Amino acid sequence: MNCNEAKLKTQALIDNELEESEISEVVDHIESCYICREEYKSMLKLKKQLSGFTPAPPQDEWLEKLYKSRKRKFSGRLGFFMVLGFNLLIAVYLLFMFFTDNTEGIFIKILVAGSVFSVIVLFLTALTDRISERKTDKYREIIK
């Protein structure tokens, strides 16, 4: 084992992520190589220092500012409509290719058309329910 391989596997050794068959090979290299042994010691020291560290949670003001940001709302809505639009275009293209292909039987095409129609009806039902719920939601001003 060379030093480059040992450096990659040393972190896995410290985190107890190595296979049993690899442990002895890495330990043997660390014992025989001064540079890798020092690297191993510094990694152990760093792990010990970080073991008691817990990052502070974000402050409420920061989160509230983030939720109310116009830029965030705009980018979120834009991303949603882009994903929805491009997926819809892909679905339309695939359906067009499927229905213009003459190798499939009419029965399969009817099944696919019924399936697609069912999904569209379910989507429109959920969408109209969501829109009507949003209009009558008395808690919509409360941050979730």
Side-chain angles (χ1 to χ4, degrees), residues 1-101 103-105 108-109 111-144:
M1 173 176 289
N2 63 31
C3 291
N4 289 332
E5 292 173 351
K7 285 180 182 180
L8 293 174
K9 292 185 179 184
T10 299
Q11 185 64 48
L13 176 68
I14 290 172
D15 293 336
N16 294 323
E17 296 175 349
L18 275 184
E19 303 271 334
E20 289 290 326
S21 60
E22 295 177 310
I23 293 174
S24 63
E25 185 180 5
V26 175
V27 170
D28 289 343
H29 181 83
I30 289 172
E31 288 176 349
S32 65
C33 177
Y34 175 78
I35 295 171
C36 292
R37 186 171 45 251
E38 292 302 313
E39 183 79 20
Y40 176 72
K41 286 179 184 179
S42 68
M43 285 184 186
L44 282 175
K45 185 178 177 183
L46 180 62
K47 183 176 181 177
K48 185 177 179 181
Q49 289 173 341
L50 293 176
S51 65
F53 175 73
T54 53
Q59 296 181 0
D60 292 338
E61 299 86 35
W62 181 81
L63 286 174
E64 189 172 325
K65 184 179 175 184
L66 177 68
Y67 289 137
K68 291 183 178 181
S69 167
R70 286 184 180 179
K71 187 172 144 182
R72 181 184 179 276
K73 287 179 183 179
F74 174 76
S75 63
R77 288 180 182 144
L78 178 66
F80 172 76
F81 286 117
M82 286 178 67
V83 167
L84 186 65
F86 284 117
N87 281 315
L88 186 61
L89 286 173
I90 290 170
V92 167
Y93 173 74
L94 291 175
L95 287 172
F96 175 78
M97 295 303 290
F98 178 75
F99 285 111
T100 57
D101 184 15
T103 60
E104 295 296 332
I108 298 294
K109 290 182 180 182
L111 288 176
V112 170
S115 168
V116 168
F117 182 72
S118 301
V119 168
I120 290 171
V121 168
L122 287 174
F123 174 75
L124 291 176
T125 303
L127 183 64
T128 55
D129 287 349
R130 179 69 179 120
I131 289 170
S132 65
E133 175 189 331
R134 183 171 173 83
K135 289 179 182 177
T136 60
D137 185 11
K138 61 183 177 181
Y139 299 110
R140 71 177 172 190
E141 297 300 322
I142 297 175
I143 296 175
K144 297 179 182 179

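Because the structure is predicted, anything quoted here is derived from the model rather than measured.
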Working to the nearest 0.5 angstrom, can you tell me the gap between [X] [atom1] and [Y] [atom2]?
X: L84; Y: F123; atom1: CG; atom2: CZ; value: 5.5 Å
X: D28; Y: C33; atom1: CG; atom2: SG; value: 12.5 Å
X: L124; Y: D129; atom1: CG; atom2: CG; value: 11.0 Å

Using the side chain to side chain donor-acceptor pair (under 3.5 Å) criterion, which residues pair with [X]? Sequence neighbours excluded.
X: T54; answer: none
X: E25; answer: none
X: N4; answer: none

Side-chain touch L8/E5, heavy atoms, less than 4.5 angstrom: no
Might you point out which heavy atoms bring [X] and [Y] nearest each other, and give the distance in Å?
X: E22; Y: L18; result: OE1-CD2, 3.3 Å
X: M43; Y: K7; result: CE-O, 4.4 Å
X: T125; Y: V121; result: OG1-O, 2.8 Å

Take a 6.0 Å sphere around [atom1] of [X] and say whether it holds more than 12 heavy atoms from other residues, nucleotides or ligands.
X: I23; atom1: CD1; value: yes
X: Q49; atom1: CD; value: yes
X: K65; atom1: NZ; value: no
X: N2; atom1: CG; value: yes

Give every donor-acceptor pair under 3.5 Å between a side-chain atom in residues 91-100 and any protein atom, sequence neighbours left out.
from	atom 1	to	atom 2	distance (Å)
T100	OG1	F96	O	2.8
T100	OG1	M97	O	3.3

Pairs satisfying salt bridge (Lys or Arg N to Asp or Glu O under 4.0 Å), at least one member in residues 35-49, at least two apart: D15-K47, E38-K41
G114 backbone acceptor or donor facing S118 side chain under 3.5 Å: yes
Considering only distance and modelled atom types, tabulate donor-acceptor pairs under 3.5 Å from the side chains of residues 73-80, sequence neighbours left out.
from	atom 1	to	atom 2	distance (Å)
S75	OG	K71	O	3.0
S75	OG	R72	O	3.1

